[in-house]
Structures are given as C-alpha cells and as structure tokens.
S.K.: 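I'd like to ask you about the structure that follows.
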Amino acid sequence: MNITLINHSDSRGGASVVAVRLMHALRRAGHNASMLVTHKSTDDPCTVRAGAKLAVRSAFIREHLRIFCGNSFTRDDLFKVSLCSDGIGLDRHPLVREADAVILNWVNQGMMSLKEISRIAAAKPVIWTMHDMWNLSGICHHAGTCTAYRTACGNCPLLHGAASPRDLSHRTWTRKKALYDEAHIRFVAVSSWLAGKCAESSLLGGSEVDVIPNAFPVEEFYCGDKNATGKKIILMGAARLDDPVKGLPLAIEALNKLDRDDFKAVFFGAVRDSHAFDSLRCDYSLVGPVSDKEAVRRLYAGASVVLSSSLYETLPGTLIEGQAAGCTPVCFDSGGQRDIIDSRDTGILVSPYDTDALARALSEALDSPCDPDTLRRSVSEKFSADAVAARYINLIGRTV
C-alpha cells in the first residue's frame, strides 16, 4: 500500500518523533510509506517538505492573526490554541493523491485547514492520530481542569477578555462538528486516558476511537551499571523541564522529602527559569538539553528510577524509555500513565498531586526496584515500533 503520513515536522516535538518511527516501521513491513512535513530539519529521504517556505509562513501568520484578533489582541496563551483555519493545499499534493490511506498526526499551526481535511476524507481513507486533546475540544491542546469540551465549548479560559458563549472556541467547535458529521475519519487515541476524554467529548463521544500507542525504539535502550556513580540515580527529563505542565515544583517538593542520602537526582532538558532549582536540597545535576541519542540512552542506562511529575500527560515517553533501560518508573496517575504501568511489576503510580505519596514511591523504588527484564518485556510487547505498525496496518485494512 501507499501510505502517506502528515505531520507538522519531522523532528520538533514528540508527535514528530513517533510519526517518523511509525513511517519507518510501516516501510519495514513492506509498505510504501512517506511523510509530508512543513518543517523539515533532517536528511531523511522519506520525509518530504510539503510546501514552499513562504506559503507555510503565510498560512501560519494568517491563522495566528485570527487567534490574536479572537483573543482581544493579546499574546497571552497565543500558542496554546489552534484553529485549523488555514493550510497550504495538501489535498492537491501528489503523495496525498497517490495514497491508498492517509494518516494525519499533528497538523496545526497553519499546516492544514479543516476544509482540506474534508476534501481528502471525501476521496480516500483517513486515519487521524490524536497526540493531545485538540481533536475533541474547540481550540485547546490540553483542557486542564476545563470541561467545556463536554458541551460545545465557549467561554474559553484561554481567550483573555474575549471569552463568550460564542467565542472563537465555540465557532471552531462548530466547524469541527460539521467536518466530523460529514467526513468518514477513523480516530486513533495514543492512550486509553485520551480515548476516555474522547468518550466525554461532545465532538467525539459517539465516534469509534481506536487506542494505538506511540511507537518507541525500545530495542535501542539497554541496562547499564545502576551503581556506577556510587549513588542511585533518579532521572527526570523533558523538552522543557520548567514547562508548567511538567510539574517540576512537585518533583522538587517530593525529592526534598526523601530522608536519605544514597541517591542523586539528574535532570535533562531545557530550563528557562534560572531559579527553577533553587529550592532543591538533595544532591542533583542539571545536564541541560541532550540531542545526542546515545547520550540519552546512557543517562537512562545508569538510572535506577525515572520520575515524571506531570500534571497531565497523554502518553509520557520518558517513562517508556526508562522502562526499556530497566528503570523503575514513578509518577502521578494523571493521564496515559496507566497504559505504561499496569502493575507493581512495571512501576509505581500515586494519586495526583500528592508529593508525600510521590516521595514514598520514590523511596520504595530505590529500595525495591522492578525487575529490568520484566520492564523490558512489557515495554517491547506494547510499544515497539513494529508492534505498533502492525496495529495500524490492521486498522487500515478495516478502514479501506
């Protein structure tokens, strides 16, 4: 089959990384898979720049001007919402026209419009993989504590001074509703938690949503010497550690409650606030952003525990990578973590956002870690790229 994946980038963000992995797994399975992107930064010949830079930039600006106007002309939370109002005409691209099936991923920020998606869905099978809550809400990617997606949105907390019953979030909800009612699109949630949110949604509550996790290169990770430094390592990583969603203050609070000196906390990822770690009292090191894949694998290989304190996560990749390297994952039960940790043999979940419980779980994981072979077997069965590709192939077969 000719399968065309569409994603905003081939390297920026988690959706980009897992979409590229899926594409190559589909190719290993014997299919002609390619990916269209608007931001290409790798030399991968299977990813194709979808349009001229000027056209891409123009569509991006048009959409964000609409958001700016609908947000009372303020930049606050400007990039936390998307409209799919403007695009670059991908329905006319040869890779789309020649495809037997199209897999949409993260296509916001001026890459595709809902009208383009409607035209594609009218001509061929479309699967839309949801990496966050945008498909099931009006304009937000993560609803947080807001539950307006259960009705018809409106009064959006991300529209400062412009929120109203028929604001930009409600109008976008109406456009999505028209598309979903008309087009035959098969939706995929990357976690059971996200599928549960779809079931609550006024947009997708009546739709059949398949759950297929993101693909991970679990075979590339390995277990190393967990005591090479003389102390047990608790590892925490993120693209941006002090992104409010990552709950760094909660992680620091829990680590400060560990009354022991046989561990060291290691953090990797970008940090904008130079004072973000001022209150951390345990032995720690801040590695900064790590782009070298082997360097990331070495960090996991030497760690005993991988920690996530996120306020909510669709499917936290650091926990999966940690399991593949034999690290015991410890985290809040605040999203798709239950798809990763299904028993005490595969990690420890605690109630959100109880830092006392998180500290106890960290101590327990240091003293009684999960068996590395069990962790690796679990993550391979669930999240290996070839296993995930097989599920997509099966779904395409049922959709075509």
Side-chain angles (χ1 to χ4, degrees), residues 14 17-18 21-22 25 190-194 211-229 231-238 251 254 258 260 262-266 268 293-294 296-310 313-352 357-391:
V17 174
V18 296
R21 287 180 192 145
L22 174 60
V190 299
S191 70
S192 300
W193 173 83
L194 185 57
V211 178
I212 304 177
N214 290 328
F216 286 85
V218 296
E219 69 284 349
E220 296 179 5
F221 290 84
Y222 54 90
C223 297
D225 185 353
K226 304 297 187 183
N227 298 301
T229 65
K231 287 190 173 184
K232 299 173 181 178
I233 300 299
I234 297 176
L235 183 67
M236 179 173 172
L258 283 178
R260 52 195 298 166
D262 63 340
F263 78 96
K264 179 179 181 178
V266 176
F268 69 94
K293 293 180 180 179
E294 176 55 27
V296 173
R297 290 192 286 266
R298 285 197 299 269
L299 285 173
Y300 283 112
S304 297
V305 177
V306 58
L307 166 65
S308 172
S309 56
S310 295
E313 287 274 11
T314 305
L315 191 71
T318 58
L319 299 183
I320 296 170
E321 292 169 345
Q323 282 184 328
C327 304
T328 301
V330 174
C331 59
F332 293 126
D333 187 1
S334 57
Q337 293 90 339
R338 280 190 175 272
D339 286 11
I340 303 168
I341 302 171
D342 53 18
S343 71
R344 177 59 180 82
D345 291 333
T346 53
I348 306 175
L349 292 168
V350 302
S351 299
L358 191 62
R360 289 194 297 270
L362 288 170
S363 189
E364 180 184 341
L366 291 172
D367 291 333
S368 303
C370 298
D371 175 61
D373 290 337
T374 300
L375 290 171
R376 288 180 58 80
R377 184 168 56 252
S378 173
V379 77
S380 180
E381 291 172 353
K382 296 176 184 175
F383 304 112
S384 71
D386 291 343
V388 170
R391 296 177 65 176

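Starting from 1, each residue takes its place in the sequence as its number.
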S.K.: Under the side chain to side chain contact (heavy atoms under 4.5 Å, CB included) test against Leu375, which residue among Cys370, Cys327, Pro369, Cys223 passes?
M.R.: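 Filter result, single survivor: Cys370.
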S.K.: Atom CD1 of Ile341 and atom CG of Leu349: how far apart are they, to the nearest 0.5 Å?
M.R.: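 If we round to the nearest 0.5 Å, Ile341:CD1 and Leu349:CG are 4.5 Å apart.
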S.K.: Distance check, rounded to the nearest 0.5 Å: Arg376 atom CZ versus Asp371 atom CG?
M.R.: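 Rounded to the nearest 0.5 Å, the CZ-CG separation comes out at 11.5 Å.
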S.K.: Is there any ring pair (Phe, Tyr, Trp, His ring centres under 6.0 Å) pair reaching into residues 317-348, and which pairs are they, with sequence neighbours excluded?
M.R.: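 As it turns out, the ring pair (Phe, Tyr, Trp, His ring centres under 6.0 Å) pairs with a partner in residues 317-348, which skip direct neighbours, are Phe332-Tyr353.
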S.K.: Got a second to check how far Phe263's CZ is from Leu362's CG, nearest 0.5 Å?
M.R.: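 The CZ atom of Phe263 sits 8.0 Å away from the CG atom of Leu362.
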S.K.: So that I can tick it off, tell me whether Asp333 and Arg338 are bridged by a salt bridge, with the cut-off set at under 4.0 angstrom between side-chain N and carboxylate O.
M.R.: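 Yes.
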S.K.: For Glu220, is there an ion pair with Lys293 - N to carboxylate O distance below 4.0 angstrom?
M.R.: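 A salt bridge is absent here (no side-chain N lies under 4.0 Å from a carboxylate O).
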S.K.: Report the residue from Leu307, Ile234, Ile233 that forms a side chain to side chain contact (heavy atoms under 4.5 Å, CB included) with Val266.
M.R.: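 Between Val266 and the candidates, side chain to side chain contact (heavy atoms under 4.5 Å, CB included) is satisfied uniquely by Ile233.
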S.K.: With a 3.5 Å cut-off and no angle check, do the side chains of Ser384 and Glu381 form a donor-acceptor pair?
M.R.: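 Side chains of Ser384 and Glu381: no pair found under 3.5 Å.
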S.K.: For Arg260, I'd like to know if atom CZ has over 12 heavy atoms of other residues, nucleotides or ligands within 6.0 Å.
M.R.: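 Atom CZ in Arg260 is crowded, with more than 12 foreign heavy atoms closer than 6.0 Å.
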S.K.: Which distance, rounded to the nearest 0.5 Å, do you find between the CG of Leu366 and the CG of Leu258?
M.R.: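 Nearest 0.5 Å value for the CG-CG distance: 7.0 Å.
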S.K.: Taking atom types as modelled, find out whether Ser191 and Asp339 have a side-chain donor-acceptor pair closer than 3.5 angstrom.
M.R.: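 No pair is found: no donor N or O on one side chain lies under 3.5 Å from an acceptor on the other.
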S.K.: Any salt bridge linking Asp345 with Arg377? Criterion: basic side-chain nitrogen under 4.0 Å from a carboxylate oxygen.
M.R.: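 No.
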